[in-house]
Colleague: 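Structure in structure tokens, see below.
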Amino acid sequence: MIILGIETSCDETGAALIKGSAPDKPVTLLSNSLATSLDLHAKTGGIIPEQAAREQLKVILPVIDDAIKDSTKDEIDAIAVTHGPGLIGSLLVGVETAKTLSYIWKKPLIPVNHLYGHIYANFIRDESEELPELPALALVVSGGHTDLVLMKNHSEVTVIGSTRDDAAGEAFDKIGRLIGLSYPAGAKIAKHAKNGNPEIFDLPRPMKHAENFDFSFSGLKTAAVNQVKKIETITDTIRDDLCAAVENAIVDVLVHKTVQAAKKFEVTSVLLGGGVAANEKLQKTLTNKANEVLPKTKIFVPSKNLCTDNAAMIAAAAFYKPNQKSLHEILVNPNLYY
Ligand code: KG4
Ligand code: ZN
């Protein structure tokens, strides 16, 4: 079956087509279209929700058109749309557009939780590739979430840990702002970190050894603020060193807790998802550590453009969790959780 996915939960507007054949096979990507208003938000230092929704209204139909350009609407079997969590105005743009298309085209509509989307990005692969085996542990690390999620099967899902304050992506973005890197700063910090010495700054690893799988990143941000305050001029070298130290601290905690949880729950696979999963240091450190201590566990990481927000992952989640609803039952929920 072919599913059209629509994603507008934050500042991106995405539409994508995926093709699925069987629940024990990967879904394949047919098209993946994305428009972003990031340039606008980089200027203001963050997202202005109303501005994001207005931009999305302008581009949603061209983006959908672009995603289905090589196919026809008759080939589409269902529509999937993010109904939360996210910014209410942005979510409404996607959900109301999807409802209208579902009504006019007479196609079923499947509401999808964006967080499951990040997890199911790992199920988009070439047809010949193996699917992640369950039980799996997912680390969802984005601008709004840092969650460790245990998936026994597609419907038995338990959150075993999450952040008590800032999300990992939020920590990257806030610390980046402090040293003059525009929003979103995660990928920029990663780039500067490549030239830096992580040992120059001594940053804490909050909750690394706590007896649970929760995270906390606001203390790390405060520690970075305090160290930066002492510096008169932030030179390129200082910026690189601080970026390396911040990246190291965040990756260290994420990897340690993920590996501990994977060990405890004896999972077959570990799935990375969310914008921060695009971080190469995180991918490499987790893979190396898992090879060392969990040789039987396979690590899955979506390709970079499927880590950050996209509509293909929303269509993929709908394929494995086909939770079709009638149009009047589908409502946006900015605070939706697992
Ligand atoms: O999943 P996502 O695109 O949107 C949300 O659902 O939040 O994640 C965005 C977050 C931002 O905080 C951004 O700074 C971070 O992902 N990010 C990264 C990298 N690429 C994006 N963080 C660290 N390293 C990266 N390479
Ligand atoms: Zn996201």
Side-chain angles (χ1 to χ4, degrees), residues 5-14 16 32 34-38 41-42 45-47 49 52 82-87 90-91 94 112-122 138-147 149 162-163 166-179 181-194 196 215 217 220-221 243-255 271-286 301-314 316-317 334-338:
I6 297 176
E7 154 65 37
T8 61
S9 66
C10 194
D11 54 339
E12 328 266 13
T13 306
N32 195 10
L34 195 73
T36 173
S37 51
L38 267 186
H41 307 311
I47 296 168
T82 305
H83 70 125
L87 304 170
S90 295
L91 288 166
V112 172
N113 180 329
H114 180 86
L115 300 169
Y116 282 113
H118 279 306
I119 295 175
Y120 282 98
N122 289 285
L139 173 66
V140 178
V141 263
S142 66
H145 290 84
T146 309
D147 305 319
V149 183
S162 62
T163 183
D166 291 353
E170 201 176 347
F172 274 117
D173 295 338
K174 286 180 175 169
I175 296 172
R177 189 175 180 166
L178 184 75
I179 50 173
L181 302 176
S182 64
Y183 175 89
K188 291 162 197 147
I189 290 190
K191 204 169 158 207
H192 284 284
K194 285 203 166 86
F215 300 91
F217 291 105
L220 174 66
K221 178 193 65 196
C243 287
V246 167
E247 184 179 58
N248 253 24
I250 293 177
V251 167
D252 187 14
V253 180
L254 292 176
V255 169
L271 317 177
L272 272 186
V276 180
N279 185 281
E280 284 171 29
K281 174 113 194 168
L282 173 62
Q283 297 175 3
K284 278 189 197 144
T285 315
L286 181 64
V301 187
S303 60
K304 203 169 179 177
N305 63 333
L306 297 177
C307 285
T308 45
D309 286 351
N310 68 87
M313 67 184 198
I314 302 305
N335 302 315
L336 193 63
Y337 203 43
Y338 296 90

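In this chain, residues are counted from 1 in sequence order. Source: prediction; values computed, not measured. Both ligands and their constituent atoms are indexed starting at 1 by order of listing.
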Colleague: Taking only heavy atoms of G144, which atoms of ligand 1 are found under 4.0 Å from at least one of them?
Modeller: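 Going through ligand 1 atom by atom, the ones under 4.0 Å from G144 are 7 (O).
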Colleague: Between the main-chain N or O of S90 and the side-chain N or O of T8, is there a donor-acceptor pair closer than 3.5 Å?
Modeller: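 Indeed, once roles are kept as given, a pair shorter than 3.5 Å links the two residues.
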Colleague: For G176, does its backbone N or O pair with a side-chain atom of K188 as donor and acceptor, under 3.5 Å?
Modeller: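 Not confirmed, K188 side chain does not pair with G176 backbone.
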Colleague: What is the nearest protein non-hydrogen atom to atom 3 (O) of ligand 1, stated with its residue, atom name and distance?
Modeller: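 Scanning the protein heavy atoms, the shortest distance from atom 3 (O) of ligand 1 goes to D309 N, 3.0 Å.
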Colleague: Which of the atoms in ligand 1, numbered in the order shown and given with their element, are less than 4.0 Å from a heavy-atom of G186?
Modeller: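 Numbered from 1, ligand 1 contributes 14 (O), 18 (C), 19 (C), 22 (N), 23 (C), 24 (N), 25 (C).
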Colleague: Atom 17 (N) of ligand 1: which protein heavy atom is closest, and how many Å away?
Modeller: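 Answer for atom 17 (N) of ligand 1: G275 O, 3.6 Å.
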Colleague: Are the side chains of L271 and Y120 in contact, using a 4.5 Å heavy-atom criterion?
Modeller: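 Not in contact.
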Colleague: Donor-acceptor pair, Q283 side chain versus A277 backbone, under 3.5 Å?
Modeller: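 Side chain of Q283 to backbone of A277, a donor-acceptor pair under 3.5 Å: yes, one is there.
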Colleague: For H114 and ligand 1, answer yes if some heavy atom of the residue is under 4.0 Å from a ligand atom, otherwise no.
Modeller: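 True for this residue.
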Colleague: Tell me which one of N310, T308, N113, D309 satisfies side-chain hydrogen bond (donor to acceptor under 3.5 Å, both in side chains) with H118.
Modeller: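 Of the listed options, the one satisfying the test is D309.
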Colleague: Please could you name the atoms of ligand 1 that G143 approaches to less than 4.0 Å, counting only its heavy atoms?
Modeller: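 Result: 5 (C), 7 (O), 8 (O), 9 (C), 10 (C), 12 (O).
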Colleague: For the pair H145 and Y337, name the ring-plane relationship: parallel under 30°, tilted 30 to 60°, perpendicular over 60°.
Modeller: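 Aromatic pair H145/Y337 classed parallel.
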Colleague: In this structure, does ligand 1 have an atom that sits under 4.0 Å from one of the heavy atoms of H118?
Modeller: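 Contact check H118 vs ligand 1: positive.
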Colleague: Do the side chains of N248 and K281 get nearer than 4.5 Å, heavy atoms only?
Modeller: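 Side-chain contact under 4.5 Å: yes.
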Colleague: Please could you name the atoms of ligand 1 that G169 approaches to less than 4.0 Å, counting only its heavy atoms?
Modeller: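 Within the 4.0 Å cut-off of G169, ligand 1 contributes 12 (O).
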Colleague: Checking the side chain of D147 only, and the main-chain atoms of V149 only, is there a donor and an acceptor separated by less than 3.5 Å?
Modeller: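 It does not hold such a pair.
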Colleague: Which ligand 1 atoms, with their elements, are less than 4.0 angstrom from a heavy-atom of T308?
Modeller: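 Listed by number with element, the hits are 3 (O).
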Colleague: Below 2.8 Å, can you find an N, O or S atom of H114 next to the Zn ion (ligand 2)?
Modeller: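 Checking the Zn ion (ligand 2) against H114, an N, O or S atom does fall under 2.8 Å.
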Colleague: Which residue supplies the protein heavy atom nearest to atom 12 (O) of ligand 1, what is that atom called, and how far is it?
Modeller: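 Of every protein heavy atom, D173 OD2, 2.7 Å lies nearest to atom 12 (O) of ligand 1.
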Colleague: Can you figure out which of I47, N279, T36 has its heavy atom closest to atom 23 (C) of ligand 1?
Modeller: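 Minimum heavy-atom distance to atom 23 (C) of ligand 1 goes to N279.
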Colleague: Any non-hydrogen side-chain atom of C307 less than 4.5 Å from a side-chain atom of P302?
Modeller: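 Contact flag for C307/P302 side chains = yes.
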Colleague: Using the Zn ion (ligand 2) as the apex, give the angle to atoms OD1 (D309) and NE2 (H118), rounded to 10 degrees.
Modeller: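 About 100° at the Zn ion (ligand 2).
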Colleague: Which residue from V276, L181, V251, L282 reaches closest to atom 15 (C) of ligand 1 through any of its heavy atoms?
Modeller: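 When every heavy atom of V276, L181, V251, L282 is considered, V276 comes closest to atom 15 (C) of ligand 1.
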